[in-house]
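In what follows, a structure is listed as structure tokens, so that the remarks can point back to it.
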Amino acid sequence: MSRHYDVEAIRRQFPVTERMLYLDSAHQTPLATSVRDALIAFYREGSETAGPKPVWLDRVEAVRGRLAKLLNAAPAEIAFTKNTSEGMNIAANALPLVAGDNVLLVEGDHPNNAYAFLNLRRKGVEVRFVPMTGETARAEMFAPHIDARTRAISLSHVTFHAGHRFDIAAIGALCRQNELYFVVDAMQSVGVVPIDAAASGANLIGAGCHKGLLVPQGLGILYCRAGQDELQPAYMAMSSLAHPPADYIARADNMALRPGAGRFEIGNLNLPDIHALDASLSLIESVGTPAIEAHLHDLGDRLIERLDGLGVGLVGPRARADRSPHIYVLDLPVEPWHAFLSSRQVRVSPERDGIRVSFGLFNTIDDVDRFARILTEHGTLPARASAAA
Ligand SMILES: Cc1ncc(COP(=O)(O)O)c(C=O)c1O
């Protein structure tokens, strides 16, 4: 049951739900049948015709357009990449940073965001880790760390390790006031939380597509706000150029870059995954991210209620405004809980501060209640019997 959409119909598209209690969408999505069928159809075309490449490339542009709509962006502001890390590295190397400049990151944020910027230390760029002072990262937290040489802030929209939802609108406004670049890792939020790229104030947003966008690993997206011609790609290929040579002979005399995100796209793309994304976007559009977010928040409210009843603490924020709708870390030691849950066909992730439960659009309130009942079967919780009834 869901107050927001026909979750039973969506659930029927996810065969994994018949085999296990899948509470690990923040790790990777299970595939929907429509997504699997899109991949099979692509491979069939590839095997029977060796690839109608012009048709495939037309479809790439159609998918780019749908993604742009999802993010409230223009198609020319979207590039396809390999994953989040590639997007973050493209961003870090594209910014016009010089020795003595500094960049602010959040302490404990995803390492794939941090290393992209730490790698700039060899150019003399300083990386400052800003400690989290409250339940979430707010603009005020960064203000004392900004000085005359601060050039950028980079952070996750939603954290993987405790489900914080950072206030990117306010941090984006702070960046505008201080003329800082703003780079966002939206790996955990895209497809789950509505993202308005235009309103966020972000210069660049990177994400992979194997969680909330519901396709297998190996495809990423990068939003690059229009009009930032000063951003230079570290890598270049014909596809980065405004006027690629029609005779395929490289020349140094016309290397003007494509405007927008296209300058960061190099070589052939992950066509199978882009076809899969066409199908997964149909699924996501049929529900809408506001409804997905609202449903997952309902599941989170129920989970918190059950955990309170069982005397299990929550690591990370409780308030809807500060938390992601789908990621909840339980203050339970990874050993023995991860093995115990695996033995009961419950898929969760071991996380740095406990057991991470994460929901996908196919999970239901019944899943949450079932999970709470399974927790009581371990026999070590200070549970009130009624809590998991
Ligand atoms: C916030 C965040 N960023 C990045 C990544 C992973 O990066 P990539 O897409 O490069 O594998 C994850 C994956 O778990 C993540 O949660």
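Given the structure is predicted, the values throughout are model-derived calculations rather than measurements. In what follows, every heavy atom counts, from backbone to side chain, and hydrogens, waters and symmetry copies are set aside. Counting starts at 1 for both ligands and their atoms, following the listed order.
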protein heavy-atom neighbour closest to atom 11 (O) of ligand 1 works out as Asn112 ND2, 4.1 Å

Backbone of Asn363 reached by a side-chain donor or acceptor of His295 within 3.5 Å | yes

Going from CE on Met1 to CG on Asp366, what distance comes out if it is rounded to the nearest 0.5 angstrom?
-> 9.5 Å

Numbered atoms of ligand 1 (with element) below 4.0 Å of Ser85, judged on heavy atoms | 7 (O), 8 (P), 10 (O)

Give a yes or no on whether the backbone of Arg318 and the side-chain of Arg323 come within a donor-acceptor separation of less than 3.5 Å.
-> yes

What about His326 and Phe359, are their ring centers closer than 6.0 Å?
-> no

Considering only heavy atoms, does Thr84 approach ligand 1 within less than 4.0 Å through its side chain, its backbone, both, or neither?
-> both

Measure the distance from atom 4 (C) of ligand 1 to every protein heavy atom, then report the residue, atom name and distance (to 0.1 Å) of the closest one.
-> Asp185 OD2, 3.5 Å

Atoms in ligand 1 flagged as close to Lys211, the criterion being non-hydrogen separation under 4.0 Å = 13 (C), 14 (O)

Looking just at side-chain N and O atoms, do Asp147 and Thr150 make a donor-acceptor pair shorter than 3.5 Å?
-> yes

Write out the residue and atom name of the closest protein heavy atom to atom 16 (O) of ligand 1, then the distance separating them to 0.1 Å.
-> Gln188 NE2, 2.9 Å

Counting heavy atoms only, which of Gln28, His210, His110 comes nearest to atom 12 (C) of ligand 1?
-> His110

In ligand 1, which numbered atoms sit nearer than 4.0 Å to a non-hydrogen atom of Ser156?
-> 1 (C)

Got a donor-acceptor contact below 3.5 angstrom from the Glu61 side chain to the Asp58 backbone?
-> no

